[in-house]
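The structure presented is a predicted model; accordingly, all values stated were derived computationally and were not measured. Per chain, numbering begins at 1; letters A, B, ... match sequence-line order.
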Amino acid sequence: MSTTLDWAEGVLGWAVANWSHPGEPDRGVLPRLLEHIRLAYSSIAIGLALAIPLGLACVRWRILYPPLLTGVNVLYAVPSIALFFLMLPYTGFSDWTAIVPLALYTLVILLPNVVDGLRQVPDHVRQAAVAMGFGPLRRLISVETPVALPIIIAGLRVASVATISMVSVASLVGLGGLGRLILSDGFRRQFDAPIIVGIVLVVALALVTDALLVLAQRLLTPWARRDRRPRTGRALRRAAAAAPTGAETIGSTAGAPPGKG
Amino acid sequence: MTVEILDGLVAWFNDPAQWAGPAGIPARLGEHVYYSLLALVLSALIAVPIGLLTGHTGVGGFLTASLANLARALPTIGVLFLIVLAAGIGLVPVITALVALAVPPILVNTHEGVRSVEPGLRDAAAGMGMRGREVLLRLEVPVAMPLILIGMRTAAVQVVATATIAAYVGVGGLGRYIVDGQARQDLSMILGGSALVVLLAVATTLVFAGLRRVLVAPGLRAEAAPAR
């Protein structure tokens, strides 16, 4: 037990001692963490920025969706390592080598959720908006998007966890944020402390991001909480079982408080 | 530039030396399929029973989902390198890392598949006199099968893609072309290896499309929504 404790203390000591090196801005744990956040968040943001207009187009022109979904699923089958290497001749060792493939993966995960979310807006809600004189754009922004938001955020949560974990793989092409800590400082030097610190920080970053998305969902859809309160657990479970998409069920994973469903 | 890259790739695939011996494409492909299958079967043996149990009883669902989500956040290369440092080079670290990658999607989808069986169906099964185990095996497993298969497919594609990193710890598989190509600055070799992994991943999704036809009852074949 005490050896485990000593070992953990050693790992922690290494992390503290190597957190950052004043005067050498590219060395240490902190620069790698910031690089990881930069690569992951820009990939997620670009993926989201692509998924929403594409999803809208798929809902507006229905025939677009099946071929686009197939194409996107084939893309998902392409391993990230292979994509990073395929990007190398075009983007070299710039951030884009990591961001382009990761943004595509985010798009792959998000597109079905955006389409399902927009499609499951109840018809009477849409008709009510039309009856109130909402034009297509205003209807989209103030009625359809808010109703679809929980499913879109559920997809975003899955995509962000996957992306944050996958950024590390980019270390094999010389990028990769905390992955570089794991590979260069840890594995190549046969030293376990940087690997542990890297893994822990990647998982922590994923959990913090997930919590932020849950928080965003609560702030953006306050009516969901209001509706839920009077219902019993059983009624909720029944409602969840009747929900048409599996995407919604993802939302009930890590961030949801226990005993709420 | 693109044309040169394609020419190099075609030349790489056309080289007869590429198709024979222990470093040839058939041998590397065989290794890759072997690691992937081994990891997938082990993961299914772990994840499917647990998912069926938690889905059927409704106990531990939150814990399962949280653990699966946590495992999903684990960076695979970190896990792999850590086990290599602890246990040495070989197949064990590779398979362990791949299992850690494949268990969450199978577990979550199995759990959700069983849990989301309509209560009306469950009531009907109970009304027909089925007991708990019969309800599980004759109702819940078949109804959950589309989602279980989607979970397995997601896991399989990820495993096939990630088995590439086996080469970084001195084991074979298609990743060898990527690692050795990187060491020799041979772009055609890297791209050839990557293309083979992509083809294998696409073939994997096709295999699961076939499995779906065989294993899913005809009444249930309407598109099931995945929980990735």
With a sphere of 6.0 Å drawn around CH2 of W14(A), does it hold more than 12 non-hydrogen atoms of other residues, nucleotides or ligands? yes
Heavy atoms only: give me the nearest S165(A)-A73(B) pair and the separation to one decimal. CB-O, 3.5 Å
Any chance CD of E9(A) has more than 12 other-residue heavy atoms, nucleotides or ligands included, within less than 6.0 Å? no
Calculate, to the nearest 0.5 Å, the distance between atoms CG and CD1 belonging to L82(B) and I196(A) respectively. 4.5 Å
Test side chain to side chain contact (heavy atoms under 4.5 Å, CB included) on L83(A) and V198(B); report intermediate values, then the result. CA-CA 9 Å; L83(A) 260 191; V198(B) 172; over 6 Å; no
Would you mind checking which part of S171(A) comes under 4.5 Å of any heavy atom in chain B, side chain (CB onward), backbone (N, CA, C, O), both or neither? side chain
Can you tell me how far CE of M166(A) sits from OG1 of T162(B), rounded to the nearest 0.5 angstrom? 9.0 Å
Under 4.5 Å between any side-chain heavy atoms of Y90(A) and I5(B), yes or no? yes
Is L85(B) close to chain A through its backbone or its side chain, or both, or neither, when contacts mean heavy atoms under 4.5 Å? side chain
Is L74(B) close to chain A through its backbone or its side chain, or both, or neither, when contacts mean heavy atoms under 4.5 Å? both
Side chain to side chain contact (heavy atoms under 4.5 Å, CB included) with P75(B): which of L178(A), I182(A), L201(A)? I182(A)
Looking at every non-hydrogen atom in both residues, tell me the closest pair between Y168(B) and F187(A) and how far apart they are. O-CE2, 4.0 Å
L181(A) versus chain B, the contacting section by heavy-atom distance below 4.5 Å: neither
Need one label for V84(B): side chain, backbone, both or neither, based on atoms under 4.5 Å from any heavy atom in chain A. side chain
State, with a plain yes or no, whether a side-chain heavy atom of L172(A) is found less than 4.5 Å away from one of I178(B). no
For F191(A), look at atom CZ and say whether over 12 heavy atoms of other residues, nucleotides or ligands are found less than 6.0 Å away. yes
So, using side chain to side chain contact (heavy atoms under 4.5 Å, CB included) as the criterion, who are the partners of L34(A) when residues are at least two apart? L30(A)
Measure I195(A) against the heavy atoms of chain B and call it side chain, backbone, both or neither at under 4.5 Å. side chain
Can you find a pair of side-chain heavy atoms, one from T76(B) and one from V169(A), that are under 4.5 Å apart? no
